[in-house]
Every structure is written in structure tokens, then in C-alpha cells.
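Below is one structure, written out as C-alpha cells; comments come after it.
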Amino acid sequence: MKYDFSAVEGKWQKRWEDAGIFNAADNSDKPKFYGLVEFPYPSGVGMHVGHIKAYSGIEVIGRKRRMEGYNVLFPIGFDAFGLPTETSAIKTGIHPRELTDRNINKFSSQLRRVGFAFDWNRVVDTTEEDYYKWTQYIFLKMFEKGLVFRNTALVNYCPTCKVVLSNEDSQGGKCDICKSDIVQKSKDVWYLRITEYADKLLEELDNLDYLPNIKLQQVNWIGKSRGAFVNFGISGVEDSLRVYTTRPDTLFGVTFMVVAPEHPMIDKYADKITNMDAVLAYREECSKKTEFERTQLVKDKTGVCLEGIKGVNPVTGKEIPIYIADYVMMGYGTGAIMAVPAHDERDYDFAKKFGIDIIEVIKGGDISKEAYAGDGEMVNSGFLDGFTNKKDSIAKMIEYLTEKGVGEGGVQYKMKDWAFNRQRYWGEPIPIVHCPECGIVPVPYEELPLRLPAVNEFAPGEGGESPLAKIDSFVNCKCPRCGGDAKRETDTMPQWAGSSWYFLRYIDPHNSKSLADMDKLKYWLPVDWYNGGMEHVTRHLIYSRFWHRFLYDIGEVPTKEPYAKRTAQGLILGPDGEKMSKSRGNVVDPNDVVDVYGADVLRVYILFMGDYGSAAPWSDNSVKGCKRFLDRVADLPSMVSKDAPAKLESSFHKTIKKVTSDIEEMKFNTAIAAMMGLLNEIGEAGALTAEQLETFLLLLCPFAPHLCEELWEQTGHSGFCSMAKWPEYDEAKTVDATVELAVQINGKVKGKITLPINSDKDAAIAAVKADEKLAALLEGKTIVKEIVVPNKIVNIVVR
RNA sequence: GCGGGUAUGGCGGAAUUGGCAGACGCGCAAGAUUUAGGAUCUUGUGUUAAUUCGUGCAGGUUCGACCCCUGUUACCCGCACCA
């Protein structure tokens, strides 16, 4: 029988909301469960099936937990500041505020249509004053603690978006938003000192239940390396050139040094360098290259020797040439390296091209052919000769350098400080005033929120300055410290700011005195389970852990870490197996599916299509299969009978057990498969008891809640199925009285025997010999070995 | 280049982690119902002449391997001249 899902689904969504059954209670004796999903960016195009998949996992888990008696917090909100809305505003002339409100309304109604069990009383919108007031508050706290600094630096700049991007936003040399090539530009930039938290973020990872690949990505992103700083002398002057190396023990093999094109020592010693023209020309050439060109053209090494000055090896006292080359980056280490061509591939290539000596200091390779990066005995290395263990030789050299005062051990991180400003309108204004007398002055806390001025012009200036710079009433202000004329900072925060703490605001979304009440934070934190996309594992997840840890350090939150557990869903690919995109025209709109099949079918299909963590292509036909499943479930009430066959009972207990554990492991596909299998068994049996139907509805409810509520009511229940008690199983009833064992002869399955459960070896062998067919196969053979795994298999080895 | 992952019927995917490969769904075929189509229901469906062969490919360990080991190929995802 088909049921009229459009009427049914709307009816139950309204009842849930009227009864407020999904609203979390702040004061409850029940155990708590805080399930979190990444809140969406409310774009104009509306929701994507990927959103549904991302939310469905925690949705099902949260619904199950609620039925198990937990006080569940499952909130939703909108990460609404950002470029796409601003771009759209510039195009259409509609204010970003107006567009954001429209988009949020659209998303909200779409989310409601799918029947997610969100607590709609706690919706957070990062662009509301009540919210960004606290984003600004956290920024000021960081400023106060010295974690905010300003620096002139070469930054990643997108010429199309006219905006400065963090390294995280410009991966691969492409703008994260518009995909055009990034150029390097010198700018004044606000930074957050995230590197100061690198170790803390790294250390706590051990105590967190994140998927292993997620942890690994974070570790790689932070990129901690141990090594040493070494100060090389510079010939003829009382100065040194500092380098970072992970292999200080190869110091005897250093035959040249390389500095990055932007390295300040070049300007410092401009009068000593005799070929300054060539050096400057090279530098000019490098600055024209995009980051992309510079990192992709790996093979061909270029560079210029600095004539007139030499480096002095602090261990050997030998003079060596210094080169400027773009394979050395200013942004990592000290921007200068000691080159050991015998044992570093890049240095090797460079030495070969420029005809520089190559000295072997580690035995084991053939340095006439290529660099040897492996381990081996140290040679040509003075006091290190004969060392065979890398750890020992490095420790010895660091000891030596420290003693001589020419270096020391140290660590480096690949992660860089977080470039924290954008020349944009639609973002949180940075609460800073520039005073000609006092310098950089923070806006006082009591003046927060520092509101975005209402304007009608959102396009950035040609010079790449923020649209806010054009608004005199905003820019001109009094200095909070001296009261004199001053100017406001006109840049805004990056998109990642608001999403770095939103999970805290859900706990107490309307608090006007603090970002959230401490007692409530203590009750709800940490987030028990956070699910989201793999694409946010290195950026958002690192940023928000950083902010949270900072708030912990200043006593604003009670836990070191925000998220106890983190998982990630796989992509939904288009029907063609390719990533969904407008340009490919393979995008599936969830609304179309809800229109035709209903929300329950959409939900069940998305979780049934494959392993939750893996990518899987969309298939319209498989959606129909889920539709059939639910239609058959809708027929179950007509099959209720007192004379249901007894054998169904153990199938029910098995299914309860399987669905219960599969949901916890996010194996939703096999949980649904188990229910389909049970339904097939019920179909064969032709009847089921009223209690069995009840159990079935409860198991299916987290996946297809509308249908289950409807049938729950139809079968005479009062109250909500969604609030009823999750079924329990009896372990004893999940096992059958008899089991079938496969019988192998020489490892090949030749037949089957049926035995009482837990029968021993003798019984199994006896049963095999009593089986006519199997006995015939053993006739005249010598039995070498008999292996019996109880309840599983018998294997008889014969000759 | 480095790191991680994946590879199973025509398709999406299962497999209690070393014990009957292919659960469940799609598709397909036959039948029922229908004026017909659609929808629905029933049965069948890895492959083979076979008691055969079969989890990307080549070996190995084991009574027994999709699972463990060695080598290899293809694809996917991260990072990428990180000193």
C-alpha cells in the first residue's frame, strides 16, 4: 500500500514542533548527549543532498539516544558571513543582510521538510549582532593576551576577489573561492598566533576519539619537525646567518648555503655584494612567479651566487658560497638553509647545476649518481666519524653547537600564523582603532558589538581596500584611550572566525552577559560527537580547537577540547560517478526527491546507498528500492495476528542487536539492510504480532520517523514514537538452538551438517561420518587431520 | 615526490576481523495481475559442461586467506622544493 507521505510528513513535523519534543533541556537528570553537525553556509542555491548526508548520521544517532533516555542537544545554525553572499549582493544590488535572511529562511524550510530533529529554539546566525559581539569579544581577549599581532608580510592575494587569503584558503596556489591564481603581495596583515598553540593542539590529539585519518591529517598539517638552529659566520663581518636543519649532524657535508629571494641579509649586505644587479634581477623574476609556478616547477633549480660575501661553517671554519634561490622559502625555518648536497635531493640538483662540491658524510649510497637520504655510518665528519645511529649523531652535534654557542636544538612547524583579515564588507568588523598618538588601541568591551555600518556599496576598492574604508562615519572615531581623533580598522574577519566557536553558543544562545553560561557549559561540554566533511578537518577543525583551547586557558570554558569524537561522511557523487557540480550538470536536488518520494525515502536512501564514510554515486533506481521498502512497511499493520510464527522471535532479537550496534558504528547501510531482511522474513511468515510491529517501528523510527509516527498512531499508540523507549534484546534469544556447519574436505566446502549449538568436536565428526554423501567422499581416504571450529566449520584433511 | 586509502557479480555494496564469498538493494529474466503500459506480487539471477573456476595482478604463510606477509598495477584523497 502506498501512503500519502506529503500529508503525513507535514502533519508530524508540525506536531513535533508544537510539542517541542526535540528541544534540549538545560536542567535535566538524564545523561546528556551533544551531537553536532557542521552548520551550513546559506547560499542562494539552497540545500544539496550532501548536506542531508552530513546531518543524517548524527540525526539518527541522536534520535536513538533520545529513545534510550538521553537529554539530547542537536542544534543547527548558519555560518552566514562570507564572500558568496557579498558577491551576490554586488551583482544584484540587494543588501547582504536581506540576502542572508532570505537564504536562511530557504534553508530552514528545507531542513524542516526533511524532518531533522533539530532544536529550533537554539538557532545561531553568525551575522547577528548578538552573535558577532562575542566573536569580537574573543578577538579582543586574544589581543589582550598577545595572540594578535600585525605585520607587514608577503601574503597570498587573490586579484579576482581582491582579498588576502590565509595559507589554508590558498592551497595549491589557487584561491579557495574563485580558483584563480594567487599572487604574492606585501600588505599589513593581522595575525592570530596559532603557532603558539601548535604543541597543545598536537598533544591533546592523543586523548581524542577522532578517526585515525583525521588525526593524521591534523598532525601533518601542524607539521612539527625537530632539528637545530645553526649560526653560520659571514666572512669579514661580525654577524651570522642563521639556518634551520633537521640533520645538524651533516654539518661537515655543507658545501654552500642558500637564502630565500626575500631574505633581509641581501639588503643588509648590499654594499658588500658585488653582483647586486644580477641578484636584484633574480629577485624581481621570482616575485613575478605565482606561488603555484614556484612550487610546481620542481625539477629545474635556479639561483644566483652572492659574490663578495661567504658563509663560514661554524664547525670546520671553512668558507662556502652563499646563493639566492627560490627553492628556499622565506616562510619556513629562517628563510636560509645549509646545503648538504650529498644527502639532500634538492641540494644535490642545485650543486650539480652550479658545479659545487659534494662531500659524502653518511655511508650507504652512491653520491656520484644521486643524493643518499638513508641512514649509515658517519664519515668525513671529525668527531662524528663512526656514529651509525642518527639520533646519537644529531644529539652529539647539538651538544657541540650549544657548547660552542653557535647553535641549539629547536623545532619548526609547517603550520603558520593565521592571517586574520579580509578587505570585505560582509564579515565581523575587527574591533581596533588606529590612533596617531596611542597607536593600535582595542575597542573597549562595553562598546561591543562594533556594528557593521548600513551601506549600499559593497565592492572593494581598486587598491584592494575594504569597502568600509569609504564610509567616513565608520572610519572616523575618537581614540578610546586619549579621546583624540582616530581611525577605525576597516578590515573584517575571515569566514572562519564565526565558525570557530558556534558550538558554544548553541549551549546558551540568548545569553547577553557572556558567550555562554558556565554552568550550562559544564553540563553540555564537550560535544560528544561531531560529524562533518573531510574538507574541514585541517582548517575549521584546527581553528576551532585553537579558539576553544584559548578560551579554556583564560577560564571561559571548562574543557580543554571542544569535541570528544569526530567522524566524517563521504561525498555523494553524481549518477555518473563524478563529483556533483553545476558545470557537469549532475547535481541532484533533495527537494525533487522529497517532492516525488517523500522525506523518509530520501533519508533512508542516503544512509542505505553505501558505507557512510565513503563516496558513493547517486542512483535514482536505488531510491525506488527504498520507496518499495517503506511502502511494504506501511502494510505491516494489516498483517498483525496473534498466530504469528514463533520462529520470527529470534530474528527480531537479532535485528534489534544488529541495528543497535550498527547505528553506533555509523554502519547505517547494514542496519537498514537488516531491517529489510527482517521485513522479508515477516513477508514469508505472513504475520507478525502487535509487539513485533511495535519493535519494528521503533527500530526504523530514527531513519523514517514520519512513517513510523503515522503507523504508531494508527496502531493505537498515544504519544510519539520518537519519544518511546528504544527496544532491548535478549542475548539468549539471538542464538538459535541448532546451527549449520559447513564441512570442508581439504579446504573445499563439500557439504553441510546441522548440530545443536555448541556441539563439541566428537559430535561434529560423528555427524560428518553419519552423513551419507560426506561419508562416501571420505571412503578409502586416510584422514590426516580433523579441524573443528565450534558452530562454524569442519575441515577434514585427507590423503 | 611524501603520507593515507581503495580495488569483491551487469551496478551500489555485505562478509561476526583467519572459518560456507556475494547479505541487502538496484538491474535483468520468467510467471501472475492488467485491454495495454506503469505499479504491484511470486520465482530465479557470480561463473561453468562440471563435484569447474572465482574477491585488480604475481607469489608466499596456513588445515583454511577478500582478510596476514612480499612484490606489482590502477584509481581516489591529503600535503607538496618544509631544509
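Values reported hereafter were calculated over all heavy atoms of this structure, with side chains retained and with hydrogens, waters and symmetry mates removed. It should be emphasised that the depicted structure is a prediction, and the values quoted were computed from it without experimental measurement. Within every chain, numbering begins at 1; the chains are lettered A, B, ... in the order of the sequence lines, protein sequences first and strands thereafter.
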So does N213(A) get a side-chain nitrogen or oxygen closer than 4.0 Å to the phosphate oxygens (OP1/OP2) of G78(B)?
no

Under the side chain to side chain donor-acceptor pair (under 3.5 Å) criterion, do Y612(A) and S56(A) qualify, and how do the steps go?
CA-CA 10 Å; Y612(A) 189 67; S56(A) 291; over 6 Å; no

Would the base of C81(B) count as contacting K301(A) through its side chain, where contact means a donor and an acceptor less than 3.5 Å apart?
yes

Examine G25(B): is either OP1 or OP2 under 4.0 Å from a nitrogen or oxygen in the side chain of R628(A)? Give yes or no.
no

Between N621(A) and G27(B), is there a side-chain N or O to OP1/OP2 distance below 4.0 Å?
yes

Quote, to the nearest angstrom, the C1' distance that separates U55(B) from A7(B).
9 Å

Between G9(B) and G25(B), how far apart are the two C1' atoms, rounded to whole Å?
14 Å

Within the structure, does a side-chain N or O atom of Y332(A) lie under 4.0 Å from either OP1 or OP2 of A83(B)?
yes

Can you tell me, in whole Å, how much space there is between the C1' of A74(B) and that of A83(B)?
33 Å

Scan I787(A) against the nucleic acid and name what it touches under 4.0 Å (heavy atoms): base, sugar-phosphate only, or nothing.
base

Can you tell me, in whole Å, how much space there is between the C1' of G54(B) and that of U48(B)?
11 Å

Under 4.0 Å: is that the gap between some side-chain N or O of K752(A) and OP1 or OP2 of C20(B)?
no

Please work out which of the three classes, parallel, tilted or perpendicular, describes the rings of H536(A) and H540(A), given edges at 30° and 60°.
perpendicular

Across every strand shown, the nucleotide meeting Watson-Crick or G-U wobble geometry with G31(B) (both distances under 3.5 Å) is C41(B)

Look through every strand shown and name the nucleotide pairing with C75(B) as Watson-Crick or G-U wobble, where both distances are under 3.5 Å.
G5(B)

Under a 3.5 Å limit on both distances, the Watson-Crick or wobble mate of C26(B) is G10(B)

Spacing of the C1' atoms in G27(B) and C77(B) (rounded, Å):
30 Å

For nucleotides G38(B) and C67(B), find the distance between their C1' atoms and express it as a whole number of Å.
45 Å

Correct closest heavy-atom pair for D600(A) and L707(A) would be OD2-N, 2.8 Å

Nucleotide nearest R346(A) when distance is taken to its side chain, options A15(B), A21(B), C81(B)
C81(B)

C1' gap between C20(B) and C66(B), integer Å
14 Å

Kindly give the heavy-atom pair with the smallest separation between L648(A) and A687(A), and that separation in Å.
CD1-O, 3.4 Å

